[in-house]
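Okay, structure first, notes after.
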Amino acid sequence: MRAFLIHKLVIAADVPEEAGEFYRQEIGGELPKTIAELSPDTEVRCDDGQKKTIRARIGEELDQRNAWLRMGVPCELHWPFVVGDLA
């Protein structure tokens with residue numbers, strides 16, 4: 001997964017179009033004219049206030065989703081998600 005900046009939110013998705021569609025459906029609001037891709041080493045502010053790299057956050061989320069799959073719970077591994085706010 002890659003990370004895309006939409007306004008001040010960083011969204012993980014496979015392609016920018018998925019990130020834009022996720023933003024439109026889940027967050028709401030207008031999309032910017034361009035959706036920038038961010039480096040995996042960029043730091044973001046998480047929900048708990050900590051700062052982590054995009055790479056770390058994506059890894060955490062994918063690990064969590066894989067755990068659900070191992071338990072037999074249906075889960076879309078590559079579904080877009082909010083990584084955090086741009087720090």
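Every heavy atom of this structure was used, including side-chain atoms; hydrogens, water molecules and symmetry mates were not. All residue numbers in this chain count up from 1 along the given sequence. All of these numbers come straight from a predicted model, not from anything done at the bench.
- V15 and I54 end up in different hydrophobic clusters when Ile, Leu, Val, Met, Phe, Trp and Tyr side chains are linked at under 4.5 Å.
- In this structure, the separation between CD on Q64 and CZ on F81 is 9.5 Å, given to the nearest 0.5 Å.
- In the hydrophobic clustering of this structure, F4 does not group with L38; members are Ile, Leu, Val, Met, Phe, Trp, Tyr whose side-chain heavy atoms approach within less than 4.5 Å, directly or through other members.
- One distance of note links CG of L86 with CG of L5; it measures 5.5 Å at 0.5 Å rounding.
- Listed here is the closest heavy atom pair of D63 and R70: O-NH2, 4.5 Å.
- Counting only distance, with no hydrogens or angles, the side chain of R45 and the backbone of K51 share no donor-acceptor pair below 3.5 Å.
- A distance of 14.5 Å separates CG of L77 from CH2 of W68, quoted to the nearest 0.5 Å.
- At a threshold of 4.5 Å between non-hydrogen side-chain atoms, the residues I35 and I11 do not count as touching.
- Applying the side-chain hydrogen bond (donor to acceptor under 3.5 Å, both in side chains) criterion to D41, with sequence neighbours excluded, gives R55.
- Counting all heavy atoms, side chain and backbone alike, L62 lies closest to M1 at CD2-SD, 4.0 Å.
- Scanning both residues, P80 and R65, for their nearest heavy atoms gives O-NH2, 4.0 Å.
- Not a single side-chain hydrogen bond (donor to acceptor under 3.5 Å, both in side chains) links E18 to another residue, sequence neighbours left out.
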Would you list the atom pairs, donor with acceptor, under 3.5 Å between side chains in residues 23-34 and any protein atom, with sequence neighbours excluded?
| unit_1 | atom_1 | unit_2 | atom_2 | d |
| --- | --- | --- | --- | --- |
| R24 | NH2 | E21 | OE1 | 3.4 |
| Q25 | NE2 | E21 | OE2 | 2.7 |

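- Across every non-hydrogen atom of A3 and V10, the tightest pair is CB-CG1, 3.8 Å.
- Between D47 and V82 there is no side-chain heavy-atom pair separated by less than 4.5 Å.
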